[in-house]
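Quick caveat: nothing in here was measured; it's all calculated off a predicted structure. When a ligand or atom number is given, it counts from 1 through the structure's own listing order.
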Amino acid sequence: MPSFYITTAIDYVNGSPHLGHAYEKVLTDVIARYRRLMGDKVHFLTGTDEHGQKVQQSARKKGIAPQQFADEVSAEFKSILPKLLISNDDFIRTTEERHKKVVREVLQSLFDKGDIYLGEYKGYYSTRQEQFLQEKDRNIDGSWPELFGEVTEIIEKNYFFKLKTHQDWLIDFLAKNEDFIFPKYRQKQVLEFLKEPLNDLCISRPKERLEWGIPLPFDAGYVTYVWFDALLNYYSAVVDKPGVWPAAWHVIGKDILVPPHAVYWPIMLHAAQIPLPKGIIAHGWWTQSGSKMSKSTGNALNPLDLVTEFGADAFRFFLIREMNVGQDSDFSRDQFLVRYNSDLANDLGNLINRTLNMANRFSAAQIPAAGPAGEPEKELQALWEKTRLEYIPLFDGFQFHTALERLFIFIKSINAYIEKRAPWKLGKSVESSDQELLRTTLATMAESLRLAGAALQPIMPGTSEKINSVLGFTPSVTWSEQLEWGTKLEGSKVDESLVLFPRPQPAAPKQ
Ligand code: MSP
């Protein structure tokens, strides 16, 4: 069984989870569920990034220890996962000993090899962003952008990780592994970035300025700083799980691709002689009225509000249908309602209602055997074949929004087929040819609904399960086989009704 390891970024514990964090988990979950259905042995990791200045400051403000602060916020991040139907196998916290131990080991080995050295750091420092700034970060008028908060000039001794000596290796690696980063154009951006000489990476902070971190194993006066700690979570979480590393895929937002994931991380692994992951998937941002949703801009949406109102499956459907992985997407409640009402309540919800209703009315709630297929049946079946053959490659290429678009064209076509056959009319006829056509229609409706439900499984696991259940179907074959048109429902007993997406939804409240 092939191994497939997938991770999300680990979230900073300096704010509550918002829609952007939820999206990343859902996207990663869709990939994880898909790979499981395709027969891989999947390991799915998510977690929280808990060290650093901001956490130390926030805890101080609240008058509690940083560990307590991190415990509270990490628990909040963890608690949203089941509500979003996230099927993660593990949740790592950077304050856990299993993680800190690996960070210390990797630091020590790089120090021993001469890849880490003590140097002098001088520069403008932004406490809010926990980073040293460069001249090019200034506004045109010489001031520092608002986002950096208070900026002060400091000089201090610090440890540096040699990036420069590995720069040519990285360029060569990316040239040889063209599909390392998705979308492809992002890999080109990394190569552009690598045209300029890299500065070595400052990886430490003196203890007197930052206590809340992992002490360097070779100098207790310092703690390691931000990326060196955070990136290693992907490895520390599975180092004792044979066969998991390096079958790894990292799902992250585009803001943390260059340089952390595309430059620091491969070089850290290469220098430490650890095999590299398989690839990185960099998604875009959820924005609101064009600006990135984030805690600091104050436009963060609580994902659980939508889940409570519409259910986890509808929420997941919206995120995946709406976002082209890699590009940004603007969130609006109106757009959510449009998708909910038209795709889910109308197209899918109606199909379920009609299928159950007709089978109950005209076939004693039992799916009959189909007679010979006429033109409409052949057309629908041909459309399914086309959809099925496109669906898997679209999933493999992370084009989930298009896969869903195609699937909903099929779902709409089932409804159009039902209109054409009008089983409510056939049911009233006593002609034996009409009765035969009715049986064919009921069987075709049910089978196509079953197929749509099966295809939805990675994205809407709850809905998919309910569709099987009301159709009296217990899958006993592989997912690929479930996606094949057949006579799997012949003779099965269906439920009376199922309301999955209640309508009508109230219009968006006017502000
Ligand atoms: N702690 C670092 C990641 C370390 S990974 C080794 C971090 N944390 S974060 O909380 O700021 O962001 C976590 C993830 O959420 C990132 O991948 C980030 O891109 C993503 N998102 C945060 N806001 C987002 C949107 N508005 N939209 C989509 N995803 C965004 O960065």
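When heavy-atom distances to ligand 1 are checked against a 4.0 Å cut-off, D11 comes that close through both its backbone and its side chain. By the criterion of a heavy-atom distance under 4.0 Å, neither the backbone nor the side chain of Y23 is placed next to ligand 1.
Side-chain contact of Y34 with D396: a donor-acceptor pair under 3.5 Å is present, judged by distance alone. Defined by atom type and a distance below 3.5 Å, a donor-acceptor pair is missing between the side-chain atoms of S342 and N346. Side-chain polar atoms of T95 and E50 form a donor-acceptor pair below 3.5 angstrom.
Residue, atom and distance of the protein heavy atom nearest to atom 3 (C) of ligand 1 are I10 O, 3.2 Å. The shortest contact between atom 15 (O) of ligand 1 and any protein heavy atom is with H21 CD2, 3.5 Å. Given atom 22 (C) of ligand 1, the protein heavy atom at minimum distance is H18 CE1, 3.9 Å. What sits closest to atom 29 (N) of ligand 1 on the protein, heavy atoms only, is H283 CE1, 3.2 Å.
Near D49, meaning under 4.0 Å from any of its heavy atoms, are these atoms of ligand 1: 1 (N), 2 (C), 4 (C). Listed by number with element, the atoms of ligand 1 under 4.0 Å from a non-hydrogen atom of A9 are 5 (S), 14 (C), 16 (C), 17 (O). Each of the atoms 24 (C), 25 (C), 27 (N), 28 (C), 29 (N) of ligand 1 lies under 4.0 Å from some heavy atom of G20. Of all the atoms in ligand 1, the ones that sit under 4.0 Å from a non-hydrogen atom of M293 are 23 (N), 25 (C), 26 (N). Within ligand 1, the atoms closer than 4.0 Å to a non-hydrogen atom of D255 are 18 (C), 19 (O), numbered from 1 in the order shown. Set against the non-hydrogen atoms of A230, the atoms of ligand 1 under 4.0 Å away are 6 (C). Proximity to I252 (heavy-atom distance under 4.0 Å) selects the following atoms of ligand 1: 17 (O). Taking every heavy atom of E24 and a limit of under 4.0 angstrom, the matching atoms of ligand 1 come to 14 (C), 15 (O), 16 (C), 17 (O), 20 (C).
Closest to atom 5 (S) of ligand 1 by heavy atom, among Y12, W265, Y234, is Y234. Of the candidates K25, M323, K295, K292, it is K292 that places a heavy atom closest to atom 24 (C) of ligand 1. Heavy-atom proximity to atom 28 (C) of ligand 1, evaluated over P17, A282, G284, G253, is greatest for G284. Counting only non-hydrogen atoms, the option in L231, I256, D328 that gets closest to atom 31 (O) of ligand 1 is I256.
Looking at ligand 1, you'll find an N or O of W286 within less than 3.5 Å of one of its N or O atoms.
For the pair K292 and D255, the salt-bridge criterion is met [side-chain N within less than 4.0 Å of a carboxylate O]. One finds no salt bridge joining E156 and K122 here, because no Lys/Arg side-chain nitrogen approaches an Asp/Glu carboxylate oxygen to under 4.0 Å. Ion pairing between a basic and an acidic side chain is recognised when a charged N comes within 4.0 Å of a carboxylate O; R316 and D29 show such pairing. One finds a salt bridge joining K412 and D347 here, because a Lys/Arg side-chain nitrogen approaches an Asp/Glu carboxylate oxygen to under 4.0 Å.
Between Y235 and W245, the ring center distance clears the sub-6.0 Å criterion. Within the 6.0 Å centre-distance limit, the rings of H21 and F77 are counted as a close aromatic pair. Residues F310 and F315 keep their aromatic ring centres 6.0 Å or farther apart.
Geometric assessment of K54 against the ring of Y12 yields a positive cation-pi assignment under the 6.0 Å and 45° thresholds.
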### Query
Should K25 and D11 be marked as a salt bridge (Lys or Arg N to Asp or Glu O under 4.0 Å) after you check the CA-CA gap, both sets of side-chain angles, and the distance that decides it?
CA-CA 11 Å; K25 312 289 179 292; D11 301 311; 2.7 Å; yes
